[in-house]
Asker: 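What follows is a structure written as structure tokens; I'll ask about it next.
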Amino acid sequence: MKIIIVNGPNLNLLGKREPGIYGSSSFDDYLPKLRIMYPNIQIDYYQSNVEGELINKIQEVGFSYDGIVLNAGAYTHTSVALHDCIRAITTPVIEVHISNVHQREEFRHHSFISSACKGVICGFGLDSYRLAVEAIVK
């Protein structure tokens with residue numbers, strides 16, 4: 001089984017960026033732990049701050065991987081292009097957010113990509129990624 005985690009803008013700053021919201025661990029610290037939890041699954045990782053690069057990666061893997069865990073960051077709330085990309089592929093996508101976006105600013109309450117995704121997980125910190133992997137595995 002092959003799963004890819006795709007992180008969008010500013011998620012390269014996890015551990016430094018607003019630790020009160022996003023925690024104090026970097027994704028580079030978290031990913032090896034996730035891979036240890038699922039030793040029989042290939043878990044790849046990609047991060048970009050550029051919307052078009054996220055779309056290119058999703059299209060690249062979207063017909064051959066078993067699942068995509070997508071934290072589109074702020075593009076969640078703005079990107080019709082990501083929505084259309086997710087609709088165009090056959091690999092199931094789980095939308096993930098570290099924080100509970102519904103407890104935050106009003107503009108974060110709407111997701112342009114949720115309706116194209118198989119499911120949405122938010123508010124469990126970095127463990128949201130594990131929950132998404134678990135959903136794909138089952």
Side-chain angles (χ1 to χ4, degrees):
M1 180 172 265
K2 292 193 309 185
I3 296 172
I4 187 168
I5 296 169
V6 177
N7 272 345
N10 301 311
L11 291 164
N12 55 309
L13 297 178
L14 286 176
K16 299 175 187 169
R17 173 189 178 208
E18 298 180 90
I21 295 172
Y22 300 105
S24 56
S25 295
S26 72
F27 199 80
D28 289 337
D29 291 338
Y30 176 75
L31 186 57
K33 297 171 188 171
L34 187 63
R35 287 177 172 148
I36 288 169
M37 288 184 235
Y38 297 94
N40 297 324
I41 298 171
Q42 177 183 324
I43 300 176
D44 295 331
Y45 177 62
Y46 180 79
Q47 190 277 329
S48 177
N49 293 317
V50 180
E51 183 180 27
E53 291 176 5
L54 296 171
I55 291 167
N56 287 341
K57 179 53 78 173
I58 291 168
Q59 288 180 359
E60 176 188 321
V61 302
F63 298 94
S64 59
Y65 275 59
D66 298 294
I68 298 171
V69 176
L70 174 60
N71 185 340
Y75 291 135
T76 300
H77 318 291
T78 63
S79 183
V80 173
L82 274 171
H83 172 272
D84 290 350
C85 175
I86 295 165
R87 286 254 190 241
I89 62 172
T90 57
T91 299
V93 177
I94 307 292
E95 177 184 346
V96 164
H97 300 283
I98 295 166
S99 67
N100 181 346
V101 294
H102 303 289
Q103 292 179 337
R104 298 188 59 200
E105 303 93 338
E106 182 75 26
F107 71 87
R108 295 186 196 275
H109 297 184
H110 177 73
S111 168
F112 276 91
I113 65 173
S114 290
S115 64
C117 292
K118 181 176 181 176
V120 179
I121 298 170
C122 71
F124 295 97
L126 290 176
D127 201 39
S128 296
Y129 293 94
R130 181 194 59 79
L131 295 168
V133 169
E134 191 66 26
I136 293 167
V137 168
K138 292 187 176 188

Asker: Check whether any side-chain N or O of Thr91 sits under 3.5 Å from a backbone N or O of Gly67 as a donor-acceptor pair, and report yes or no.
Answerer: no
Asker: Roughly how far, to the nearest 0.5 Å, is OG1 of Thr78 from NE2 of His83?
Answerer: 13.0 Å
Asker: A side-chain contact here means heavy atoms from C-beta on lying under 4.5 Å apart; do Ile94 and Ile121 qualify?
Answerer: yes
Asker: Does a side chain donor of either Asn40 or Gln42 reach within less than 3.5 Å of an acceptor in the other side chain?
Answerer: no
Asker: Would you list the atom pairs, donor with acceptor, under 3.5 Å between side chains in residues 55-64 and any protein atom, with sequence neighbours excluded?
Answerer:
{"residue": "Asn56", "atom": "ND2", "partner": "Gly52", "partner atom": "O", "Å": "3.4"}
{"residue": "Lys57", "atom": "NZ", "partner": "Glu60", "partner atom": "OE2", "Å": "3.2"}

Asker: As a test of understanding, state which of Ile43, Val133, Ile4 forms a side-chain contact (heavy atoms from CB on, under 4.5 Å) with Val69.
Answerer: Val133
Asker: Within the distance-only criterion (no hydrogens, no angle test), does the side chain of Ser48 pair as donor or acceptor with the backbone N or O of Glu53 below 3.5 angstrom?
Answerer: no
Asker: Can you sort out the partners of Tyr30 under side chain to side chain contact (heavy atoms under 4.5 Å, CB included), two or more places apart, ordered by chain and number?
Answerer: Phe27, Leu34, Leu126, Asp127, Tyr129, Arg130
Asker: Does a donor on one side chain sit under 3.5 Å from an acceptor on the other, for Thr76 and Glu95?
Answerer: no
Asker: Decide whether Ile3 and Ile68 are clustered together by the hydrophobic rule: side chain heavy atoms of Ile, Leu, Val, Met, Phe, Trp, Tyr closer than 4.5 Å, transitively.
Answerer: no
Asker: What I want to check is whether the side chains of Asn7 and Tyr45 have a donor and an acceptor closer together than 3.5 Å.
Answerer: yes
Asker: Per the side-chain contact (heavy atoms from CB on, under 4.5 Å) rule, which among Asn49, Ile113, Leu82, Leu70 passes with Tyr75?
Answerer: Leu82
Asker: Apply ring-ring contact (aromatic ring centres under 6.0 Å, His included) to Tyr46 and list each qualifying residue two or more places apart in sequence or on a separate chain.
Answerer: none
